[in-house]
Amino acid sequence: MIPDPTDASVCFATDHRLFSSDPAASARLTSSITVNFSDGNLTEAPSHVTGPTHVYWCADGTAKNPAKSAGKDQMFWGTPAQADGAIQVTLEGQANNPHVFASPNIYYAGSFLFDTSNKKLDFQMTIGSFPAFEAYAQLDGGDVVQLFTRNPADGANVWSLISFGGLNTRNVAGSVSF
């Protein structure tokens with residue numbers, strides 16, 4: 001459990017899990033999209049899910065309030081763009097602790113470029129230094145491929161969610177072939 005930085009008597013539960021490619025794994029924020037690469041159209045609506053945040057009394061572990069999920073109104077997939085045998089899609093997501101008024105957001109943003117001729121996915125992401133982040137991709141129902149996993153940055157905590165113009169963010173980039 002993570003103590004509330006403004007009230008030491010209150011704690012928030014973590015997801016108590018390791019990194020997982022299971023799309024049903026618990027998480028504070030999850031974004032997914034399926035794109036048909038033959039025509040660049042979406043085959044299903046982009047999805048954003050915010051998992052429930054649980055708040056407890058730290059002293060005895062009893063629930064302080066019912067679990068709540070953050071809003072999804074600040075989570076967006078861009079419209080896929082197709083040119084020269086490649087498809088690009090962008091992503092931005094952020095949401096805060098629904099139990100704490102005006103709490104800072106967990107944040108991530110990125111760009112994904114899939115070259116259809118060599119089945120290569122390039123990605124560039126900006127993620128917060130807290131909490132942990134992970135990303136996965138799958139092609140045509142094949143194996144799920146890990147793009148990246150990142151634990152919180154050394155020394156990062158809930159105060160690290162505060163990001164003024166990119167402070168407390170880090171960049172992740174790479175490519176995978178299918």
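For this chain, numbers begin at 1 and follow the sequence in order. The structure displayed is predicted, hence computed values, not measured ones.
Panel note: side chain Asn157, backbone Trp159; a donor-acceptor pair is recorded below 3.5 Å. Panel note: side chain Arg150, backbone Pro131; no donor-acceptor pair is recorded below 3.5 Å. Trp77 places a side-chain N or O within donor-acceptor distance of the main-chain N or O of Ser32, the cut-off being under 3.5 Å. No donor-acceptor pair closer than 3.5 Å links the side chain of Asn168 to the backbone N or O of Ser129. Looking at Ser69, its side chain does come within 3.5 Å of a backbone N or O of Thr50 through a donor-acceptor pair. The main-chain N or O of Tyr107 is never found under 3.5 Å from a side-chain atom of Asn105 such that the two would form a donor-acceptor pair. A donor-acceptor pair under 3.5 Å links the side-chain atoms of Ser103 to the main chain of Asn97, judged by distance alone.
Within 6.0 Å of atom CG in Leu18, 12 or fewer heavy atoms from other residues, nucleotides or ligands are found, so the atom counts as exposed in its surroundings. In the displayed structure, Asp143 atom CG is contacted under 6.0 Å by at most 12 heavy atoms of other residues, nucleotides or ligands. Taking a 6.0 Å sphere around CG of Asp154, one finds it holds 12 or fewer heavy atoms contributed by other residues, nucleotides or ligands.
A side-chain donor from one of Tyr136 and Glu134 sits under 3.5 Å from a side-chain acceptor of the other.
For residues 111-152, no pair satisfies disulfide bond (SG atoms under 2.5 Å apart), with sequence neighbours left out.
Here the closest heavy-atom approach between residue Gly142 and residue Gln138 is recorded as O-NE2, 2.6 Å. Cys11 approaches Met1 most closely through the heavy-atom pair CB-CE, 3.7 Å.
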- Query: Is there a side-chain hydrogen bond (donor to acceptor under 3.5 Å, both in side chains) between Ser21 and Gln146 once you walk through the steps?
  - Reply: CA-CA 7 Å; Ser21 62; Gln146 176 182 294; over 6 Å; no

